[in-house]
Student: 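Dropping a structure here in structure tokens format, bear with me for questions.
Both counts, for ligands and for their atoms, begin at 1 and track the order of listing.
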Amino acid sequence: MKRNLGLYIHIPFCNSKCNYCSFVSMVGTDNEKMSYIDCLKKELAMRAKEYNSYYTISSIYIGGGTPSCLPVGAIKDIFQTIYKYFTVRNDAEITMELNPNTATEQKINEYVTSGVNRFSIGLQCIDKNVLLAMGRTHTVEDFDRTIDLIRDNGISNISADIIVGYPDQSTRAVVNTVEHLIDMKIPHVSAYMLSVEEGTPLQMMLHKGVKNLPSENTVVKMFNSVSSALIKSGYERYEVSNFAKPGFTSRHNKIYWRREDYLGVGVAAHSCISNVRFSNTEDVNEYCTCIRTKGKPPVAHAKKLTLDEQKEEYIMLSLRTSEGLDTKGYMEQYGENFLAKYRDKLAEYIKLGLLVIDSEGRVRATDKGFLVLNRIILELVS
Ligand code: SF4
């Protein structure tokens, strides 16, 4: 029987570059975009030869970059290629990322008729000064209009991303943003604490003292306000940064957290299949040249995970989720008693109110534990 596979497609283009962004994305011309799509379609055909006999696609995620900045017809073209070469389950979750000021009525209709049944939208904040400081080129009105267009096309499965802790972002701005999402009945929210990445304009501004980060304490308070507002309104915090109303958790993200197989296609796309991690080059020109001249995907890194690395990932990823770490599953996969191996450390975290062990033997982080999760994980796996 064929196994399930998550398919990720990377679109490395945006209309402009945000100040905090370290993703592989650039502002491209229509010609560059179409040339990239041509190579992407070729890679899809190559990858299908390798995997389609063994796998059925259970979820598709078109991310970036900003997939919705592609010219009209490009996304439809990508989907036709996917359906031509891969077997896609009828009930597959098909998500597409979009930015509020790139979605037109014609484009949304194209995406939905191509099979997209879930949208993930980058809102980040509703305060126009914060959006400007982030280098984002949309307004909250653009976001609201996009939601209406999506719902007019019959799609209710919508997620919004927000950033917490940007310089000059007040707690009020964060709370207003989350309240706006609750009022708009957006069923899934991803809330990320700002992470300052090397080489970004934001990092330079902080370095020069032009901008200052809020204190760690303030960011924690902001995040707690987001979390309590969402939980009070019926959302479940099913992963450290993700909140969903019942029935709206992201199936594609769960593939990553459960260490199931996924294939990434496109520049900089990462894959993990049968415990082999591999990724394509991050250079768009190199990507296209390799596909065109060598007729093979430009894999930059590949590594078979050792048993210890697999265990570390299992611990790291499962503790991020509300399902927690399934100690029975751990025993089945690795023949090791997790509770016995980490007895002393677990007892300490439980005493501090950071972890709990439920009646089914699952080890789960508490809300307090989620705040220091990286430290807990590091101490467990080191
Ligand atoms: S829209 Fe997203 S991918 Fe594009 S520049 Fe901004 S943060 Fe980066």
Student: Tyr256 and Tyr262: aromatic ring centres closer than 6.0 Å?
Tutor: yes

Student: With a 4.0 Å cut-off on N to O distance, would you call Arg145 and Glu141 a salt bridge?
Tutor: no

Student: Indicate every side-chain donor-acceptor pair of residues 299-307 with a distance under 3.5 Å to a residue at least two apart or in another chain.
Tutor:
from   : atom 1 : to     : atom 2 : distance (Å)
Lys303 : NZ     : Glu309 : OE1    : 2.8
Lys303 : NZ     : Glu309 : OE2    : 3.1
Lys304 : NZ     : Ser274 : O      : 3.4
Thr306 : OG1    : Glu309 : N      : 3.1
Thr306 : OG1    : Glu309 : OE1    : 3.4

Student: Show me which atoms of ligand 1 lie under 4.0 Å from any heavy atom of Asn99.
Tutor: 1 (S)

Student: Who are the side-chain contact (heavy atoms from CB on, under 4.5 Å) partners of Lys294, not counting sequence neighbours?
Tutor: Cys290, Lys296

Student: Filter on side chain to side chain donor-acceptor pair (under 3.5 Å), then keep only pairs touching residues 209-225, sequence neighbours left out; what's left?
Tutor: Asp168-Lys211, Ser215-Thr218

Student: With 2.8 Å as the limit, jot down which protein N, O or S atoms are around atom 8 (Fe) of ligand 1.
Tutor: Cys21 SG

Student: Can Ser16 be said to touch ligand 1, with heavy atoms closer than 4.0 Å?
Tutor: yes

Student: Measure the distance from atom 2 (Fe) of ligand 1 to every protein heavy atom, then report the residue, atom name and distance (to 0.1 Å) of the closest one.
Tutor: Arg136 NH1, 4.2 Å

Student: Could you tell me the separation between the OH atom of Tyr51 and the CG atom of Asp261, rounded to the nearest 0.5 Å?
Tutor: 9.0 Å

Student: Is Arg89 salt-bridged to Asp91, going by a charged N under 4.0 Å from an acidic O?
Tutor: yes

